[in-house]
Amino acid sequence: MSNVTRRNVSNAAKSSTSTAAQNPQKHEPESIVHSKNDAHDPTGVKTILIVACLGCIWLTGFASRLFSVIRYESIIHEFDPWFNYRATYHMVTTSFYEFLNWFDERAWYPLGRIVGGTVYPGLMITSGGIHWLLSNLNITIHIREICVFLAPFFSGLTAVATYLLTKELWSQGAGLFAAAFIGIVPGYISRSVAGSYDNEGIAIFALMFTYYLWIKSVKTGRVFWAILTALSYFYMVSAWGGYVFIINLIPLHVFVLMIIGRYSDRIYVAYSVFYIIGTILSMQIPFVGFQPIRTSEHMAAAGTFALIQAYAFLNYLKTKLSAKEFRTFFIFAVTIAAGVVFAGVVVLTYLGYIAPWSGRFYSLWDTGYAKIHIPIITSVSEHQPTTWTSFFFDLHILVCIFPAGVWFCIKEINDERVFIVLYAVFASYFAGVMVRLILTLTPVVCILAAIALSKTLEYYLFDDNVGQDKSEDKEPKDKSQYDEKVPRSFPHSKPQQDKNLSPNLKTLVVIALAVLLVLFAVHCTWVTSNAYSSPSIVLATYSESGHRQIIDDFREAYYWLRKNTRDDARVMSWWDYGYQIAGMGNRTTLVDNNTWNNSHIALVGKAMSSNETEAYKIMRELDVDYVLVIFGGLIGYSGDDINKFLWMVRIAEGEHPKDIRESDYFTEQGEFRVDSGGSQTLLNCLMYKLSYYRFGEIQVDYRTPPGFDRTRNVEIGNKNFRLEHLEEAFTSEHWIVRIFRVKEPSNRVANKDLLRKIRRKKSVHSKKGKKRQGVIKNKPVVVKGKSAAIKK
Amino acid sequence: MRFLCLIFAIVSAIQADSNADLVNAKVERTIDLTSHLVSITNLITVENKAATGSLKSYTYTIEPAHAKNVAFIGAHSVEGKKQKAKLNVVEVSKDSDKGGLYRVDFAEGLAAGQSTQIQVEVVLFSLVSPFPEEISQNEKQLVVFKGNHYFYSLYPTKSQTTSVNLASDLTESYSQLKPTSKSDSTITYGPYENIKPFEQSELSVHFENNSPFLAVTNLHRTIEVSLWGNIAVEETIDMSHTGAKLKGSFSRFDYMRRQGGQSSVKSFKTLLPSSAADVYYRDEIGNISTSNLRVPSKSKGEPVELELKPRFPLFGGWKTHYTVGYNLPVYQYIHNSGNLSLNWDIYFKIN
């Protein structure tokens with residue numbers, strides 16, 4: 001923390017001098033006031049206070065993410081984190097190079113997966129590094145604990161980075177607000193609770209820190225900051241695929257600055273250094289490789305780089321040429337340059353040197369694209385378009401306040417505020433397209449809301465009778481006490497309308513804002529506690545007596561797989577559970593959450609949606625030993641495979657349109673139903689049979705008939721069927737996980753009564769008419785016996 | 001240690017010779033087959049036929065085929081029907097050719113012409129084997145036990161009876177060596193008269209036994225003594241059900257209706273030292289949420305009873321693996337006698 005302290009002070013001092021010195025004409029007088037205000041700290045009390053605030057924010061952020069650990073246990077959550085944990089564990093137990101060269105033969109059977117080259121290793125390296133450091137300090141801690149607590153720990157770092165960024169953009173007070181907001185805002189907590197060991201947990205920190213350093217380098221125009229930006233960007237690239245957001249937003253910032261005539265040498269230095277070093281560094285990540293120079297997502301950065309070089313060259317010419325000559329030359333040159341760059345990119349794309357945009361990026365612009373072309377993207381719930389409620393749910397009042405922040409920034413625009421405005425605009429758009437991208441919107445909403453709130457409070461908290469300094473913290477009482485000890489005297493630009501407002505009215509507004517903030521904090525806690533703190537592999541229900549009951553079916557079944565199947569057994573399941581089976585069950589899977597091979601997934605989807613005989617053929621081809629399905633009908637767990645089933649059908653139809661048709665699974669009225677009115681194709685497909693095997697015999701409740709599905713609230717349509725090629729191997733306590741064993745092909749049946757009932761034809765000589773090449777007399781005809789496998 | 005054994009061997013050889021005058025006047029043997037362990041209780045009346053001199057010990061013998069399967073052996077002297085003093089039992093040899101030899105020291109020397117009663121308890125493991133070896137979920141588990149009709153001894157036996165307690169009264173078959181009788185779940189063999197030393201005749205019982213065959217295949221215990229005042233104990237246990245293997249499918253539906261699967265392991269208990277605290281029960285993928293801890297009152301010094309339920313019921317042939325750990329205060333277990341020494345009764349009990 002002491003490091004942070006020192007940096008804060010020096011930064012504040014530097015920024016004030018540099019901004020004041022370098023372009024005084026561009027700054028509103030008030031922002032200079034801010035800077036001076038920030039720097040003015042003779043006793044250091046203010047710094048201590050800021051550090052204390054940030055420490056409290058860190059602690060609060062950390063603590064509020066621990067709901068799941070306290071309620072359940074220290075456990076890795078959900079799906080992707082299980083892979084990350086498995087990879088980290090592999091790296092820690094072997095070596096870093098072993099991890100980079102890791103070929104995982106337990107995934108995507110029979111293809112396998114080159115993990116080292118298809119993963120963003122930043123997360124694993126971070127937690128592995130922490131583990132290494134701690135074990136060298138003789139603090140023995142299991143890597144799992146580090147993985148579980150990494151995201152909450154990084155949320156504190158994110159808060160600090162957000163503070164720094166906001167401080168650069170506006171003021172320290174706004175910075176503290178922003179840090180407090182990002183510490184507890186549900187939009188970020190959703191991805192960073194303890195146990196949610198995913199890339200986003202550390203990537204948001206990297207994102208905010210990169211932006212902070214970028215703003216810093218734009219402000220100072222120093223190579224030092226630009227290189228730091230590139231290094232931070234490198235960390236971001238190693239951590240998350242969302243780095244593309246940075247490499248498009250920063251060039252956009254530069255581009256817009258050039259367009260609105262705010263180009264300066266500082267920007268030239270900052271961007272040129274950042275782009276060159278950042279690109280070279282990012283290419284060191286195996287998974288990224290040559291993408292920065294070969295894919296369309298990165299072309300905007302390259303184009304802007306070319307443009308800023310041209311612009312700088314023109315600026316240089318401007319000093320040499322007369323104004324009129326220059327104007328003609330300028331228009332001509334810019335048109336030519338832009339045309340050449342654009343044409344070049346198009347041609348290179350066409351020729352295949354630059355990869356066109358990937359499907360996920362198309363779906364960002366055209367929301368209907370994925371639905372038609374890539375059902376697998378749409379099938380993920382977090383890729384759905386965002387609803388209005390989820391904005392409010394995740395951001396609460398911040399989403400209402402932040403436009404005000406945008407307006408304040410535009411009103412008092414400068415180089416760095418252009419950046420935050422652009423960030424706000426684009427992040428808002430992306431967040432509207434995909435639920436998942438609310439995550440990237442959250443920080444900017446926090447920053448801008450903090451700016452708006454800080455500005456408002458500055459105005460309303462200002463007590464003109466006493467002539468005291470404006471408060472910069474959210475606890476006005478502490479501030480005023482402190483402020484009394486250190487009286488300030490600086491020219492504040494007191495707006496004229498101050499006098500029109502009575503102190504009572506001001507107090508009223510401040511109280512209203514405080515109430516809003518309290519409501520916000522309450523909402524954040526509530527959302528975190530109720531929505532985002534379930535590990536989702538352990539469920540809890542409350543019985544009527546209020547007694548808490550743990551439903552641990554997933555681990556029960558995965559552990560059964562781990563201990564009681566052959567080590568090389570292959571488990572077929574829908575891709576959602578691939579990482580969990582590998583992580584907890586330690587068995588080979590066919591498809592998993594790294595959905596890189598659509599046709600393989602479609603094949604599994606086809607097996608699940610075919611009837612048993614057809615599915616058996618596919619399963620034999622794929623060497624499947626076990627089939628795992630998730631079934632929630634007994635206890636009413638809604639996230640089960642029957643509810644996901646239509647996606648399997650759709651994905652299968654995409655690759656095998658002749659065999660699988662989505663319409664077959666609906667009734668004639670276009671309904672998807674599993675009761676007796678459902679389509680026959682659905683009632684006889686493998687997924688249905690595996691889910692409901694022997695479910696028709698069970699009666700859960702007196703009021704319902706046997707075989708009553710509590711998830712879909714219907715009595716199932718096809719009861720009392722037998723399985724021919726599979727047998728139940730394991731079913732968990734509440735039937736959530738059902739595992740079936742694929743039988744070996746049955747022998748020819750030795751049924752004495754039925755086999756070899758040889759009928760001999762009467763030996764009739766007939767040579768009449770038919771041209772026969774030769775006939776064996778009395779040829780025995782075998783009447784095939786019935787298969788012994790039970791058929792009803 | 002090996003040297004010591006050697007001495008014992010020599011001594012016992014001498015004693016065995018000198019004890020040649022002993023006779024098993026009357027032997028009442030009870031073979032308990034209600035669980036997967038064989039627990040044999042022998043009530044032996046020993047007579048010293050020698051003319052002079054008193055004898056100090058009795059050599060108890062175990063059939064060569066069972067010599068490797070001894071889990072426990074203990075002896076008491078008996079007066080009337082009551083158990084008296086515990087007798088010292090020393091292992092002499094565990095040779096699979098000669099059989100297991102154990103020297104039981106009498107409380108007082110057995111004078112010439114006198115007789116005394118001793119009770120020897122033996123627990124043998126993995127002698128009850130499932131037959132058939134694979135059963136489906138709804139079938140009952142049948143097991144076979146093979147033993148000896150006669151009391152296997154170094155000494156001649158005058159009169160001997162054997163009663164075999166079974167887990168149920170359903171038997172497929174049992175060997176007949178007259179006189180043999182069966183009532184309910186008990187088979188009585190004998191009395192047999194005048195049996196020579198080392199006489200053997202195969203006793204075999206094939207009967208229904210649905211008790212869970214729980215076996216710990218590997219136990220790894222780590223004891224971490226911290227001089228800050230804590231002893232951390234962690235036991236990692238590989239466990240399997242060694243009964244008849246489950247053939248075909250496992251149906252949760254039948255299991256829920258309690259049809260079949262009687263021999264499966266649903267839960268078991270383990271005992272921890274009375275001062276055990278901070279008990280945890282977990283495995284590679286996290287906490288196992290199904291366990292109960294019964295803490296007794298501290299003063300009585302009763303062990304802490306931990307009821308463990310595996311993640312899934314264990315059927316025949318199924319395995320599981322878990323870790324139980326707990327903390328103990330140092331002061332109860334570490335004594336300062338010049339050097340610090342850890343005084344620890346290593347015991348492990350599962351039932």
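Hydrogens, waters and symmetry mates are skipped; everything else that's a heavy atom, side chains included, is used. Chain letters run A, B, ... following the sequence lines, proteins first and then strands; every chain starts at 1.
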Are there more than 12 heavy atoms of other residues, nucleotides or ligands under 6.0 Å from atom [atom1] of [X]?
| X | atom1 | result |
| --- | --- | --- |
| Phe131(B) | CZ | no |
| Glu133(B) | CD | no |
| Lys309(B) | NZ | no |

Which answer fits [X], side chain, backbone, both or neither, if we ask what part of it has an atom under 4.5 Å from a heavy atom of chain B?
| X | result |
| --- | --- |
| Arg738(A) | neither |
| Ile550(A) | side chain |
| Glu73(A) | side chain |

Could you tell me if the side chain of [Y] sits less than 4.5 Å from the side chain of [X], heavy atoms only?
| X | Y | value |
| --- | --- | --- |
| Arg252(B) | Phe730(A) | yes |
| Lys563(A) | Met239(B) | no |
| Arg562(A) | Ile285(B) | yes |
| Tyr559(A) | Ile288(B) | no |

### Task
Could you have a look at Arg282(B), His321(B), Lys319(B), Arg311(B) and say which one has the most heavy-atom pairs with chain A under 4.5 angstrom?
Arg311(B)
### Query
How would you list, by chain and number, every residue that makes a side chain to side chain donor-acceptor pair (under 3.5 Å) with Ser196(A), sequence neighbours excluded?
none
### Any donor-acceptor N/O pair, Arg555(A) side chain to Asn287(B) backbone, under 3.5 Å
yes
Exercise answer: donor-acceptor pairs, residues 242-249 of chain B side-chain atoms, under 3.5 Å, sequence neighbours excluded:
| from | atom 1 | to | atom 2 | distance (Å) |
| --- | --- | --- | --- | --- |
| Thr242(B) | OG1 | Phe213(B) | O | 3.2 |

Flag the one option from [options] with the top tally of heavy-atom pairs under 4.5 Å to chain B.
| options | result |
| --- | --- |
| Ser732(A), Ala557(A), Gly583(A) | Ser732(A) |
| Glu728(A), Glu556(A), Glu727(A) | Glu728(A) |
| Ile739(A), Ile698(A), Val538(A) | Ile698(A) |

### Task
Only one of Trp735(A), Phe695(A), Tyr693(A) passes side chain to side chain contact (heavy atoms under 4.5 Å, CB included) with Phe253(B); say which it is.
Trp735(A)
If you measure from [atom1] on [X] to [atom2] on [Y], what distance do you get to the nearest 0.5 Å?
| X | Y | atom1 | atom2 | result |
| --- | --- | --- | --- | --- |
| Tyr255(B) | Glu733(A) | OH | CD | 8.5 Å |
| Leu634(A) | Met256(B) | CG | CE | 5.5 Å |
| Asp254(B) | Glu697(A) | CG | CD | 7.5 Å |

